[in-house]
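Values below: every heavy atom of this structure, side chains too, minus hydrogens, waters and symmetry copies. Quick caveat: nothing in here was measured; it's all calculated off a predicted structure. Each chain gets a letter, A, B and so on, in the order the sequences are listed, and its residues count up from 1.
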2 protein chains.
Amino acid sequence: MNTSEKVSADPSEDAGPFAPVVAPRSAPAQVADQVVAAIREGRLRPDDRLPAERELARTLGVSRPTLREALAGLELAGLVRSRQGHGTVVVASAAVVANWGAEMTPTQVFEARLAIEPELARLAAEKRYPEDIAVLRQAGADLEEEFARTGHYRSDLPVHRAVARAARNPVLATALEEALRHTETARWKELRSSALRPEVIREGHVDEVRRVVRHVIRGEAREAAEVWRTHLVHYRDEMLTGLQIDAGHDAEPLET
Amino acid sequence: MNTSEKVSADPSEDAGPFAPVVAPRSAPAQVADQVVAAIREGRLRPDDRLPAERELARTLGVSRPTLREALAGLELAGLVRSRQGHGTVVVASAAVVANWGAEMTPTQVFEARLAIEPELARLAAEKRYPEDIAVLRQAGADLEEEFARTGHYRSDLPVHRAVARAARNPVLATALEEALRHTETARWKELRSSALRPEVIREGHVDEVRRVVRHVIRGEAREAAEVWRTHLVHYRDEMLTGLQIDAGHDAEPLET
DNA sequence: TTGATGGATTGGCCTGACCACCTGGCAACT
DNA sequence: AGTTGCCAGGTGGTCAGGCCAATCCATCAA
């Protein structure tokens, strides 16, 4: 969890002696953090009642509206449930909250995508709803058109998302979006800029995308999953080659 | 502010002439719903600025604190970002929000778990952090002890969660929790009560759990994943046998 | 024992206000 | 001309205090 020693906010774009000031955490956010931490550490368990709003606000040293903003956020997130005249009770278990706000190394992101996306392709090929197929076909056509015209393409994300949508599984689709969200950090941008220079985009990439689209359209589930998997493996290997430090392990693995 | 006329809650568990009263949606929740809907429908796109709080509150007919509770929730969920003096801007794309609040059929839940859990077992077996292994071993031992003593067990969820934790992948672990969350509806409880009566719990179930724990401990990644997968398949088949209506398909599949 | 009741507690929502911060434009200075 | 300094307006951040409605629970009456 500890970042590198030389703080230096964003290594990818920090050139001078000055680092940007940290954005202060708002009062409601700090309150919410405390509650989340309490749940994670087991100091608050499901069905526990929080102190009354007026009292809790006083103990935390914030006003009641501020506290209520925090509780509203937690309730919208499903961690807590408030009922008039009854109180505010914890709903989520520690397991639900265990990984909130966790950092993801690039290796972990690929672990997740490799678990999810081939299965999404398989499901998409099995279900084949006409609307979804149309969207997928269009996304593939757009990519091919851009590649044919310019010799490269900016992103194949629309195809990945079209496959996810066509799979019709909210949990898996949301999980993919979650993985992609971790792809917008400075570290990733740096990886992309060094690994995915336009001249690196080979015909092979486009071909993999083309084949996945075709397999899904034809309902060839196993083949779709396999192509999607190799596509991700290629992408991962290009991205992570020569990357020794990955900080994904902060403890020693065990031998049998 | 007006609720629906004929309440008519959940058709899946409505047996008598009386339907449970629908829990009224709070004002902040309704506001948040509107924003989410606007994002989903593309009426609000990333980088769009929302109207100023005072103005938006007036437009929606709520007070500013109420509006702020809604925005606090949306910000905690990462859909929106407020900065003092600048305004509130949309962060999330329609894709992120596309599946929020979606219902999951039992079939879909198993689709997700079958995609995620074998991979979690594989990763757990590859990483094998001592703390996680200890937790997993304990969870397995608890299950065996309960089964040996009573001839059945209430739940193998602790083992599933221990495997997830040992995989050290926040996105996948959270996705599993999300899938499990959809397992607490009335429909699922009904399925469980009819399919998992104590006398149905066979030695085979416990044996599968035992084998997964052992494979993970020994670092046999492929075997761990395979056993976990068959365990889920067995569970699914027992649960869904004789279940014709699944409502997972609301459009006609396409032929090639 | 049972049922009603009324107060105390709790969250739900509002009004109004002040502060801190950001932005953009204008004026003063170099 | 370009830079700096300043300030006013708009914005979110926070607070204080209040009223209402749902719930709970101890009390009391039948």
Colleague: What integer distance in Å separates A/Leu71:CG from C/dC13:C1'?
Modeller: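 The distance from CG of A/Leu71 to C1' of C/dC13 comes to 15 Å, rounded to the nearest Å.
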Colleague: Do any N or O atoms from the side chain of B/Glu41 and from the backbone of B/Ala38 form a donor-acceptor pair under 3.5 angstrom?
Modeller: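 Here the side-chain-to-backbone pair does not exist.
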Colleague: Just jot down the side chain to side chain donor-acceptor pair (under 3.5 Å) partners of A/Arg25, sequence neighbours excluded, or say none.
Modeller: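 Only A/Asp33 meet the side chain to side chain donor-acceptor pair (under 3.5 Å) criterion with A/Arg25.
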Colleague: Choose from D/dT23, D/dC15, C/dT15 the nucleotide whose nearest atom is closest to any side-chain atom of A/Pro65.
Modeller: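 The answer is D/dC15.
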Colleague: Closest approach to the side chain of A/Thr66, judged atom by atom: which nucleotide of D/dG12, D/dA16, D/dT14 is it?
Modeller: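 Selected nucleotide (nearest to the side chain): D/dT14.
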Colleague: If you measure only the distance, is there a donor-acceptor pair under 3.5 Å linking the side chains of B/Asn169 and A/Glu111?
Modeller: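 A/Glu111 and B/Asn169 do have a side-chain donor-acceptor pair below 3.5 Å.
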Colleague: Please give me every residue in residues 27-35 of chain A whose heavy atoms get under 4.0 Å of an atom in DNA chain D, ordered by residue number.
Modeller: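 Within residues 27-35 of chain A, the residues near DNA chain D are A/Ala27, A/Pro28.
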Colleague: To the nearest angstrom, how far is A/Leu50 atom CG from C/dT10 atom P?
Modeller: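 Between P of C/dT10 and CG of A/Leu50: 12 Å.
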Colleague: Among residues at least two apart in sequence or on other chains, which ones pass ring pair (Phe, Tyr, Trp, His ring centres under 6.0 Å) with B/Trp188?
Modeller: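 With neighbours one apart ignored, the set is B/Phe110.
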Colleague: Go through C/dT15, C/dG11, D/dC15 for me and flag the one nearest to the A/Ser82 side chain.
Modeller: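 Per side-chain heavy atoms of A/Ser82, the pick is C/dG11.
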Colleague: Taking the minimum atom-to-atom distance to the side chain of A/Glu53, which one of D/dG13, D/dA16, C/dG12 wins?
Modeller: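 The answer is C/dG12.
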Colleague: I'd like to check the side chain to side chain contact (heavy atoms under 4.5 Å, CB included) partners of A/Arg49; sequence neighbours left out, ordered by chain and number.
Modeller: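 For A/Arg49 the side chain to side chain contact (heavy atoms under 4.5 Å, CB included) partners, ignoring immediate neighbours, are A/His86, A/Val89.
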Colleague: Taking only N/O atoms, report every protein-nucleotides 18-20 of chain C pair under 3.5 Å with atom names and distance.
Modeller:
{"from": "C/dA20", "atom 1": "N3", "to": "B/Gln84", "atom 2": "NE2", "distance (Å)": "2.7"}

Colleague: Could I get the full list of side chain to side chain contact (heavy atoms under 4.5 Å, CB included) partners for B/Arg54, not counting sequence neighbours?
Modeller: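 Partners of B/Arg54 by the side chain to side chain contact (heavy atoms under 4.5 Å, CB included) criterion, ordered by chain and then number, come out as B/Arg64.
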Colleague: Can you name the side chain to side chain donor-acceptor pair (under 3.5 Å) partners of B/Arg40, sequence neighbours left out?
Modeller: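 Here no residue qualifies.
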Colleague: Within this structure, what is the CG-to-P distance between B/Leu60 and C/dC14, rounded to whole angstrom?
Modeller: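 The distance from CG of B/Leu60 to P of C/dC14 comes to 11 Å, rounded to the nearest Å.
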Colleague: Nearest heavy atom decides the nucleotide; on that basis, is B/Glu55 or A/Arg83 closer to the 5' end of DNA chain D?
Modeller: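 So the residue in question is B/Glu55.
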Colleague: Could you tell me whether a side-chain N or O of A/Asp48 sits under 3.5 Å from a main-chain N or O of A/Arg45, the two making a donor and an acceptor?
Modeller: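 Yes; judged by distance alone, with no hydrogens or angles, the pair exists.
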Colleague: Look at A/Thr88 and C/dG11 and indicate whether a side-chain polar atom (N or O) is within less than 4.0 Å of OP1 or OP2.
Modeller: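 Checking A/Thr88 against C/dG11: at least one side-chain N or O falls below 4.0 Å of OP1 or OP2.
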Colleague: Holding to salt bridge (charged side-chain N to carboxylate O under 4.0 Å, His left out), I want the full list of residues that pass it with B/Glu103, two or more places apart in sequence or in another chain.
Modeller: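 So B/Glu103 forms no salt bridge (charged side-chain N to carboxylate O under 4.0 Å, His left out) with any residue.
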Colleague: What is the distance, to the nearest angstrom, from the CG atom on A/Leu67 to the P atom on D/dG13?
Modeller: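 It is 16 Å, rounded to the nearest whole Å.
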Colleague: Please tell me which of A/Arg25 and B/Gly87 maps to the more 5' nucleotide of DNA chain D, matching each residue to the nucleotide holding its nearest heavy atom.
Modeller: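 In this pair, the answer is B/Gly87.
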Colleague: Rounded to the nearest angstrom, tell me the gap between atom CZ in A/Arg58 and atom P in C/dT9.
Modeller: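 Atom CZ in A/Arg58 sits about 13 Å away from atom P in C/dT9.
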Colleague: Rounded to whole Å, please give me the gap between CZ in A/Arg81 and P in C/dG11.
Modeller: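 A/Arg81 atom CZ is separated from C/dG11 atom P by 13 Å.
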Colleague: Look at the side chain of A/Arg68 and decide which nucleotide, out of C/dC14, C/dC13, D/dG13, has an atom nearest to it.
Modeller: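 Nearest nucleotide to the side chain: C/dC13.
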Colleague: Between C/dG12 atom P and A/His86 atom NE2, what is the distance in whole Å?
Modeller: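 Taking NE2 of A/His86 and P of C/dG12, I get 12 Å after rounding.
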Colleague: I'd like a list of close polar pairs between nucleotides 25-27 of chain D and the protein, N/O only, cut-off under 3.5 Å.
Modeller:
none

Colleague: Can you name the residues that form a side chain to side chain donor-acceptor pair (under 3.5 Å) with A/Ser26, not counting sequence neighbours?
Modeller: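 By the side chain to side chain donor-acceptor pair (under 3.5 Å) rule, A/Ser26 matches no residue at all.
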Colleague: Taking only residues two or more places apart in sequence, or in another chain, which ones meet A/Asp156 in a side chain to side chain contact (heavy atoms under 4.5 Å, CB included)?
Modeller: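 A/Asp156 satisfies side chain to side chain contact (heavy atoms under 4.5 Å, CB included) with A/Leu143, A/Tyr153, A/His160, A/Val209, A/His231 once adjacent residues are dropped.
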Colleague: Please enumerate all residues that pass side chain to side chain contact (heavy atoms under 4.5 Å, CB included) together with B/Glu177, with sequence neighbours excluded.
Modeller: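 Side chain to side chain contact (heavy atoms under 4.5 Å, CB included) list for B/Glu177, sorted by chain: A/Ala95, A/Val96, B/Arg161, B/Leu180.
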Colleague: Return the value, rounded to whole Å, for the distance between atom CD of B/Glu69 and atom P of D/dC15.
Modeller: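 Those two atoms, CD and P, are 14 Å apart.
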